[in-house]
Amino acid sequence: MTPSDARARYMRMRGFNVLFPMGFDAFGLPAENAAIRRRIHPKDWTYANIERMRHQLKSMGAMFDWRREAVSSDPEYYRWSQFYFNQLYHHGLAYRKMSPVDWCPNCNTTLAREQVWGEDRHCERCETPVIKKDLEQWFFRTTNYAAELLDFSNLDWPERVRTLQTNWIGRSEGASVAFTTEVGDALEIFTTRPDTLWGATFMVLAPEHPLVAKLTSPEQAQLVEAYVQQALRQSDIQREAADKDKTGVFTGGYAINPVNGQRIPVWIADYVLMTYGTGAIMAVPAHDERDFAFALKFGLPILPVIEPPDGRSKSYVVPGSMRSGFADILQAQGISFELVEDRLYITLSASQVAKYVDIAHRYLKPGYWNEVVGAQWMFIFDDGVQVWDSVESEARILLRCRELEPRVADRRTVMEMLWNCPFYQDVLYHHEYGTMIHSGEFTGTPGDQARLQVTAWLAEQGVGQGMVNYRLRDWLISRQRYWGAPIPIVYCPEHGAVAVPDDQLPVLLPDDVEWLPTGESPLKLHPTWKHTTCPVCGGPAVRETDTMDTFMCSSWYHLRYLSPHYDRYPFDPQEYDYWMPVDTYTGGIEHATMHLIYTRFFHKAGRDMGIMRGPEPMTQLRNQGIILGEDSEKMSKSRGNVIAPDDLVSRYGADTVRAYLMFFARWDMGAPWNGSGIEGVARWVRRVWTLMLEPVAPGDPSPDTLRTLRRKLHQTLRQVTHDFETFEFNTIVSALMELLNEMYKARDQGATGSSAWAEVLDIYLRMMAPVTPHVAEELWQHLGKSYSIHNQPWPIVDEEAAAEDQITLVVQINGKLRDRVMVPAGISDEDTRQAALASDAVQKHLAGTVPRKVILVPGKLVNIVV
RNA sequence: GCCGAAGUGGCGGAACAGGCAGACGCGCGCGACUCAAAAUCGCGUUCCCUCGGGAGUGUGGGUUCGAUUCCCUCCUUCGGCACCA
């Protein structure tokens, strides 16, 4: 808090009208869980906490305008959260649907996808792994704004946050393609690789896909049913583990590939997710890693349709399969190979394949075969060469090989046979872009045009079109918890879900509930609360008993600060016009894919509903790092590693604590707490105090002393100003420390009676004011200046005073430091060169040799190259 | 696996449109004051050294007169995403 408070104070001194508000995002799981643990009513616990926090913040000297305080659990606040819900509902941006959702068994509530973290898919709050439940829940249509949320052009936000959001939204460009089942049902898929359509040798549906039942043949019914049941039982963690062995079942049904009429089997497998795309994929095992593993495991055909970019092919020659002289002729033809124990391992460039096939065919002994794989796929038999370019030719080749070699008799596909040869493995599968092969009229289309051309053709044929898919999901906002804003919906047997009219808001959260956990939503168990009347017909109806995710409350709180007690609208429009959008917003990086996406969504939705204006809610964002406990773990009461500012404040005073919080680590990086340095900052504050309050008789300072002092002063002012602008708070304090050291020197040289001294004290206190507001104010008064220092303008750098009149010229020989020479600031290049060469150290090192070259950086450095 | 950030003294950290590495502070050492200690003040504090210097910003290479800074390789730590078709 304090560094941003200091910056707000700095901006005020810069002449800005600064709104620096404070409020409490008071609803939510953490508060409710903490209250339950202590067996205190969540409301009592929350408001006691708020009071404690207010006290703490005030003791730190924050400049918050408390008249603008907003508390999201106050009815006068959540009335407007409910108003926003209604608006979203009326505009079709809030909807209710039954779906498998993430459920935290410990918090007894559903969670948004953003609130489920890590590999084990745990609850963001309590770290319990979540499970899936089928529930009817309320969602906000964040996906409507997926494309717009990717546009950061109006934002001065850190690259890091933009990247996190971009990845979270997860745009992929591709095409939708209309496959059909054998009996004529449409079976649409999404693919990013329309260029591989001719290699689609089977399809895979998510187990939950609606067509599964219809596709399943009677023979497969039992297996399919069992697999679907098992998939539903499994948690996401089990299902989504990437390294898991592929599982799946054949439905017995077939689909038709629209590009070539090929009849391909339809499988179900849990590696296809119902929640992404259409819940169905075309499988191109030759160019998709997952499909490849699946096909290999289940013996499904694999057909390469994209040439690898390097054009490399391979051939492995079994001992005894070639007539003698084979290796010699290869060598003579410039075809490189490795010979290991009579086995030949041959790697071919694109141009060598034809020549090689010819030679191999001539040298092949009867009863054997040889193959070329990679960029080209050919099987050389003694009676001719078979090209593997279709599912049919593969079948023929496989049959032939099985006849010739009993050891491959049980192989189900050619690829399975080849995969057994480790030498081949790196050329059998790839997912790069390349020239299309084995793809009918598209064969030969180069990799950089393939996707575009195929997509255009699909559209022409009416079987597909270009399409963009996002990973972002709609925001699940229902929570089966007590401590939140009630969702203002009433269910009427006649009229269904009806929004509570705005003039009847807020739907008050009752105090008299059983808030101790029962595994059920507390509002549901309240004897009377949920019973009400339908706003449409007046008949008996029941209220929605779920409450809203607190991220809903925090999505618009910046607007409530404008006018926290305004009772006609979420905010006073005049205030909105004056202040919005938020100019500077600071917060932790942990908000990147939650709060900061939600609030952007909220703003854009609000804009489209005619409530807010402009493209974005917050113009400039700067991330602060997290201060960890001394044990480098996140501070938490349960770990017992929390550093309470109160203790530090009572021991060192607020100003010292403020300054130390700015000084001890980089604000944007955060660090484990380390209290040992605070003594240094305390010493600094005391030394300022001593210097200004302990009288020292003025002496007779030299002009040099005064010039040096003023130079340091204005150089410091320049740096401090810059560092405030760029949020580099740690160097603000160190620059002030440096200047103080200089001031002590000047004092000892008798400077205290001078006008320069008065100037230094004046500016020094102004620079301190944002950092240590109390000490600065008191010393300001002591200097006899008018109240208050915090209303003073920020000082202006006197560039002339800040300029150096002497510079330290660095003299290097071959880039190594050899000497430093003091020269006047405006020195000419020629004089610089002379001064450097005249140096004793240089003369000694040169020892008579003549420099080959002299590099000159004016005003800084001379490098003599010998 | 993919994406991103970061590696500088005993510690927190400075410096980077390429130009004196280690500002400022902590800690530590020595000294002054003191009977003594604390506080305060002063000096010193990257490492090695034969006191001339030499090495040094995670590793190895490259570009350059010159690299903590730019490029490539690798290592480590942290964060995010992850069967997303």
Side-chain angles (χ1 to χ4, degrees), chain A residues 117-119 158-168 170-172 174 189-193 196 200 203-204 206 239-244 246 269-273 275-284 287-291 293-294 431 469-473 589-590 592-593 625-626 632 659-660 663-666 668-684 686-687 690 719 728 730-741 744 808-820 844 851-857 859-866:
Chain A
W117 287 6
E119 219 163 312
E159 186 63 43
R160 195 152 148 240
V161 175
R162 302 199 311 235
T163 304
L164 283 172
Q165 293 203 347
T166 303
N167 293 343
W168 184 259
R171 180 182 199 274
S172 15
I189 59 107
F190 171 74
T191 178
T192 54
R193 294 297 301 271
T196 64
M203 296 186 81
V204 187
R239 265 184 76 163
E240 290 181 8
D243 49 359
K244 193 187 86 168
K246 295 272 176 297
D270 62 9
Y271 80 91
V272 175
L273 310 176
T275 45
Y276 185 79
T278 61
I281 61 157
M282 64 166 188
V284 184
H287 305 292
D288 180 283
E289 208 176 344
R290 298 151 298 177
D291 299 344
F294 193 83
H431 58 246
N469 241 308
Y470 299 93
R471 210 181 62 96
L472 185 74
R473 308 289 154 84
I589 189 77
E590 71 274 13
T593 56
I626 301 165
S632 299
Y660 186 59
F663 179 71
F664 101 102
R666 279 181 59 153
D668 59 334
M669 303 277 261
W673 175 256
N674 175 350
S676 68
I678 196 168
E679 288 293 347
V681 174
R683 212 165 284 154
W684 166 63
R686 274 200 298 273
R687 271 161 55 83
T690 306
Q719 191 188 335
E728 292 170 89
N730 54 341
T731 43
I732 289 173
V733 180
S734 59
L736 289 172
M737 287 173 170
E738 270 186 71
L739 175 56
L740 186 70
N741 292 341
Y744 264 91
T808 310
L809 192 65
V810 173
V811 185
Q812 299 180 334
I813 294 177
N814 291 339
K816 276 198 198 328
L817 175 75
R818 291 303 176 193
D819 201 5
R820 297 185 179 110
K844 211 171 104 195
R852 276 201 297 134
K853 200 169 162 189
V854 176
I855 311 272
L856 201 127
V857 183
K860 267 190 182 158
L861 166 145
V862 176
N863 187 15
I864 298 162
V865 185
V866 294

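Letters go in sequence order (proteins before strands), and every chain restarts at 1.
With sequence neighbours left out, the ring-ring contact (aromatic ring centres under 6.0 Å, His included) criterion links A:Trp168 to no other residue.
Here the side chain of A:Asn863 pairs a donor or acceptor atom with the backbone of A:Gly815 at under 3.5 angstrom. Between the side chain of A:Arg193 and the backbone N or O of A:His431, at least one donor-acceptor pair lies under 3.5 Å.
Rounded to the nearest Å, the gap between the C1' atom of B:U68 and that of B:G13 is 14 Å. Across the C1' atoms, B:C84 and B:C78 are found 25 Å apart, a figure rounded to whole Å.
Within the nucleic acid shown, A:Asn741 comes within 4.0 Å of sugar-phosphate atoms alone, with no base atom in reach, counting heavy atoms only. Using a 4.0 Å heavy-atom criterion, one finds that A:Trp168 contacts the sugar-phosphate atoms exclusively. Residue A:Ser172 is in sugar-phosphate contact alone, with no base atom involved, counting any heavy-atom pair closer than 4.0 Å across all strands shown. Contact annotation for A:Arg818: backbone-only contact, meaning every heavy-atom pair under 4.0 Å involves sugar-phosphate atoms and none involves a base.
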Distances for protein N or O near nucleotides 37-46 of chain B N or O, under 3.5 Å:
from	atom 1	to	atom 2	distance (Å)
B:U40	OP1	A:Arg683	NE	3.4
B:U40	OP1	A:Arg686	NH2	3.1
B:C41	OP1	A:Arg687	NH1	3.3

Hey, what are the protein-to-nucleotides 10-21 of chain B N/O distances that come in under 3.5 Å?
from	atom 1	to	atom 2	distance (Å)
B:G12	O2'	A:Phe664	O	2.1
B:G13	O3'	A:Asn730	ND2	3.1
B:A14	OP1	A:Asn730	ND2	2.9
B:G19	N2	A:Gln812	OE1	3.3
B:G19	N2	A:Asn863	ND2	3.4
B:C20	O2	A:Arg820	NE	2.5
B:C20	O2	A:Arg820	NH2	2.9

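Atom CD of A:Gln719 sits about 5.5 Å away from atom OG1 of A:Thr731, to the nearest 0.5 Å. Summarising the geometry, atom CD1 belonging to A:Ile189 is positioned 6.0 Å from atom CE belonging to A:Met203; distances are rounded to the nearest 0.5 Å.
Distances from the side chain of A:Lys844 to the nucleotides B:A23, B:G52, B:C83 place B:G52 closest. Nearest to the side chain of A:Arg471, among B:C83, B:A85, B:C81, sits B:C81. Of the listed nucleotides (B:C83, B:C3, B:G53), B:C3 has the atom at the smallest distance from the side chain of A:Asn167.
What separates CD of A:Glu590 from P of B:G80 is a distance of 10 Å, to the nearest Å. One can place OH of A:Tyr470 at 13 Å from P of B:A85, the figure rounded to the nearest angstrom. With rounding to whole Å, A:Trp117 atom CH2 is found 7 Å from B:G80 atom P.
With a glycosidic angle further than 90° from 0, B:G12 counts as anti.
Checking B:G18 for Watson-Crick or G-U wobble geometry (two distances, each under 3.5 Å) identifies no partner in any strand.
In summary, the side chains of A:Arg687 and A:Asn741 do present a donor paired with an acceptor at a separation below 3.5 Å, with no hydrogens or angles considered.
Between A:Tyr271 and A:Phe294, the angle of the ring planes lies from 30° to 60°, which puts this pair in the tilted group.
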